[in-house]
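Written out below as C-alpha cells is the structure these notes cover.
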Amino acid sequence: MKTHTQLSPETIKIVKSTAPILQSQGEIITKHFYTRMFSKHPELLNVFNQTNQKMGKQPSALAHSVYRAAAHIDCLDQILPEVELIAHKHRSLGVKPEQYAIVGENLLAAIEEVLGEAATPEVLHAWKEAYQVIADVFIEVERQLYKEVEQQPGGWKDFKPFIVVKKVKESDVITSFYLKPKDGGMLPHFKPGQYISVKVEIPGEPYIHHRQYSLSDRPGQDYFRISVKREDGTDTKPAGVVSTFLHQKVNEGDILEISPPAGNFILDQSSDRPVVLISGGVGLTPLLSMLKTALNTSDRPVTFIHAAINGRTHAFREEVLALKKQHPQLNTYFCYERPTEEDRALNRFDKEGYIDIDWFESIIPQRDAQFYFCGPVPFMKEVLRILRAMGIQEEQINYEFFGPKGKLD
C-alpha cells in the first residue's frame with residue numbers, strides 16, 4: 001500500500017498540520033457528517049448500525065480513524081492493520097466503491113460547516129485530495145477481500161440465505177443458532193476468530209439491520225454456529241433490536257441472510273507458542289473457535305480463562321470442560337463476579353469477584369505465550385493493563401472489539 005508519492009508535499013503538510021483539529025473536533029464533525037449524510041441518503045440507514053449511532057460509538061470510531069489516516073497520510077502503510085480491520089467490516093456489510101464518493105462529499109461538507117473560517121479553500125482542497133487517496137486504499141483492499149471470498153470453494157458474494165437448522169439456549173442470555181446454506185452447497189473455510197454479518201428485516205422496523213456475530217465453533221464443520229447474547233435495555237442503552245428479534249422470533253427452519261466470514265482477529269496457527277485465551281461474557285465466542293482449533297490441530301499448551309456474572313450467564317461451560325477431559329494440554333479457569341449459592345455448592349468457579357494480576361500470575365506460567373482476549377470494554381482495559389504489568393510484550397497481545405473499534409488506553 002504505497003501512498004507517499006500520490007500527494008504533493010504541500011497537500012501532505014496541510015493535512016498533517018490540520019490533523020490535530022480532527023483529534024479535538026473529530027466527534028463534532030463526524031456526528032454532523034452522519035446527520036447530513038443520512039438526511040441526503042436515507043438508503044444508507046440500511047447499512048449502518050443505528051444503535052451504535054445513537055450511543056455515539058460510530059462517530060467516535062470514525063473520528064479516530066480519520067485522525068489516524070490524516071496523521072499518517074504520507075505513509076498509510078503504518079496503519080495497515082486498522083485499514084484491514086475496517087475493510088473486513090465493510091466487506092462483510094457489502095459496502096460498494098461508489099459509496100465512498102457519498103461519504104467523501106458529506107465528510108468534506110461537514111468539515112467546512114463545523115470549522116467555518118478555519119476551513120479555508122486550501123485546507124478543503126488538501127483534504128479532498130487526501131480523502132481520495134484514503135478511499136482508493138480502502139477500495140483496493142476491499143476489492144481483494146471480495147475477490148478472495150467469492151472465488152474460494154463454497155464462497156459467495158454479498159449475502160446468501162441460510163436455514164436455522166438448530167437453536168440452542170446456552171445460558172440465560174446467550175442462544176446459539178446453527179446455520180446451513182439453503183441451497184445445500186458447501187461451506188467456505190474460515191479462520192478461527194472470524195465473524196459473519198447477519199441481515200434481517202424486522203416487522204415494524206423502517207430499515208434493514210446488519211449485525212456481526214463471531215463464529216463460535218471451529219472451521220471444518222458442516223454448519224456455521226453463531227452464539228448471540230440478548231441485549232436487554234437499561235437506563236443508559238436501548239435493548240438490542242436484532243439480538244432480541246433473533247432470540248424471540250427466529251426459530252428452527254427460518255431463513256437468515258448472511259455474508260461470508262470476515263475479520264482479522266484470528267488465531268496464529270503457524271506458531272507453536274502456548275496460547276492464552278481470556279474472555280468476558282459473550283466475548284468467549286471467537287475464543288471458543290480458537291480454542292477448538294488449537295486443540296484440534298496442535299499439542300500447544302492452552303489456557304482458557306473466562307469471566308461471567310455467575311453460572312446462569314456462563315455459556316458453554318460443559319462444552320469447554322468436555323474439551324479439558326479430552327486434551328491434557330488444556331487448563332481452564334472460571335471467574336464469577338457474583339456467584340449464586342448453587343455455584344458455590346457445586347464449586348463451579350475458580351475465583352470470585354474480578355480478575356486481577358495476582359490471580360493471572362498464579363495461573364499463567366507461560367509468559368512467552370500468545371494472548372487473545374475479547375469482552376466488554378472495561379474488562380478488556382483491565383486485561384490489557386494486567387498483561388502489560390506482567391511484562392507481556394505488545395506483539396504477544398491480540399484483542400477484538402465487538403462493534404466499532406474503540407480505545408483501551
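Minimum interatomic distance between G185 and P181 (heavy atoms only, all atoms of both residues): O-CG, 3.4 Å. Residues T244 and A239 share a closest heavy-atom pair of OG1-CB, 4.5 Å. Summarising the geometry of P192 relative to P219, their closest heavy-atom pair is CD-CG, 4.0 Å, with the distance given to 0.1 Å. For V242 against Y213, the heavy-atom pair with the smallest separation is CG1-OH, 3.5 Å.
For the pair F334/R317, a side-chain contact is recorded, criterion being any heavy-atom separation below 4.5 Å from C-beta on. Between D254 and L256, every side-chain heavy-atom pair lies at or beyond the 4.5 Å cut-off. Counting only heavy atoms from C-beta outward, the side chains of M390 and F360 approach each other to under 4.5 Å. The side-chain heavy atoms of T303 and L277, taken from C-beta on, include no pair separated by under 4.5 Å. K351 has its side chain within reach of D356: a pair of non-hydrogen atoms, C-beta onward, lies under 4.5 Å apart. Two residues are said to be in side-chain contact when any heavy atoms from C-beta on lie closer than 4.5 Å; V302 and L295 meet this criterion. Inter-residue side-chain proximity for I363 and D350 is flagged as unmet; no heavy-atom pair is nearer than 4.5 Å. Side-chain atoms of V133 and L76, non-hydrogen and from C-beta on, do get closer than 4.5 Å to each other.
Counting only distance, with no hydrogens or angles, the side chain of Q396 and the backbone of R367 share a donor-acceptor pair below 3.5 Å. Using a distance-only test at 3.5 Å, with no hydrogens or angles considered, no donor-acceptor pair links the side chain of H72 to the main chain of D77. Remark: side-chain polar atoms of S214 are not paired, donor with acceptor, to backbone N or O of Y195 under 3.5 angstrom. K167 places a side-chain N or O within donor-acceptor distance of the main-chain N or O of H247, the cut-off being under 3.5 Å. No donor-acceptor distance shorter than 3.5 angstrom exists from the side chain of R300 to the backbone of P274, with no hydrogens or angles considered. A side-chain donor-acceptor contact under 3.5 Å links S289 to the backbone of D217. Formation of a donor-acceptor pair under 3.5 Å by the N46 side chain with backbone atoms of E43 is found in this model. In terms of modelled atom types and a separation under 3.5 Å, the side chain of N296 and the main chain of T293 share no donor-acceptor contact. Side-chain N or O atoms of Q152 include none that pairs as donor or acceptor with a backbone N or O of E150 at under 3.5 Å. Put simply, the side chain of S171 gets close to the backbone of V173: a donor and an acceptor are under 3.5 Å apart.
Checked by atom type, the side-chain pair S227/S216 shows a donor-acceptor distance below 3.5 Å. Counted by atom type alone, E170 and S176 present one or more donor-acceptor pairs between their side chains at under 3.5 Å. There is a side-chain donor-acceptor pair under 3.5 Å between Q144 and E140. A donor-acceptor pair shorter than 3.5 Å cannot be found between the side chains of R230 and S243.
Taking the six-membered ring where the residue is Trp, F138 and H90 present tilted rings, their angle falling between 30° and 60°.
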> Between F304 and H327, does a ring-ring contact (aromatic ring centres under 6.0 Å, His included) hold up when you go through it step by step?
Replying inline: CA-CA 12 Å; F304 186 85; H327 300 276; over 10 Å; no
> Between E105 and Y100, is a side-chain hydrogen bond (donor to acceptor under 3.5 Å, both in side chains) present by the stated rule, with each step listed?
Replying inline: CA-CA 9 Å; E105 174 190 341; Y100 277 93; over 6 Å; no
> Run the side-chain hydrogen bond (donor to acceptor under 3.5 Å, both in side chains) check on Y146 and R91 step by step: do they pass?
Replying inline: CA-CA 7 Å; Y146 277 110; R91 200 280 297 152; over 6 Å; no
> Would Q370 and N398 satisfy side-chain hydrogen bond (donor to acceptor under 3.5 Å, both in side chains), going step by step from the backbone distance to the final call?
Replying inline: CA-CA 8 Å; Q370 290 182 316; N398 308 272; over 6 Å; no
>> Determine whether Y354 and E337 satisfy the following criterion, side-chain hydrogen bond (donor to acceptor under 3.5 Å, both in side chains), listing intermediate values before the conclusion.
In response: CA-CA 6 Å; Y354 297 99; E337 180 183 340; 3.1 Å; yes
> Between E319 and K292, does a salt bridge (Lys or Arg N to Asp or Glu O under 4.0 Å) hold up when you go through it step by step?
Replying inline: CA-CA 10 Å; E319 190 167 309; K292 291 189 165 189; 2.7 Å; yes
For residues 111-123, dump all side-chain donor-acceptor pairs below 3.5 Å to protein atoms at least two apart in sequence or in another chain.
from : atom 1 : to   : atom 2 : distance (Å)
E113 : OE1    : H32  : NE2    : 2.5
E113 : OE2    : R36  : NE     : 3.1
E113 : OE2    : R36  : NH2    : 3.4
T120 : OG1    : E122 : OE1    : 3.4
T120 : OG1    : V123 : N      : 3.2

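In this structure, W359 has its ring center at least 6.0 angstrom away from the ring center of F349. Aromatic pair F224/F190: ring centres closer than 6.0 Å. Two rings, from Y178 and Y223, have their centers less than 6.0 Å apart. A centroid separation of less than 6.0 Å is found between the aromatic rings of F373 and Y399.
Salt-bridge check for E82 with R68: passed, with a basic side-chain N closer than 4.0 Å to an acidic carboxylate O. Checked for salt-bridge contact, K13 and E10 miss the test: no charged N lies under 4.0 Å from a carboxylate O. Remark: D343 does not engage R312 in a salt bridge, criterion side-chain N to carboxylate O under 4.0 Å. Between K96 and E142, none of the side-chain N atoms (NZ, or NE/NH1/NH2) sits under 4.0 Å from a carboxylate O, so this pair counts as no salt bridge. The residues D368 and R273 are annotated as not salt-bridged, no charged nitrogen and carboxylate oxygen being separated by less than 4.0 angstrom.
Atom CZ of R211 is separated from atom OG of S92 by 12.0 Å, given to the nearest 0.5 angstrom.
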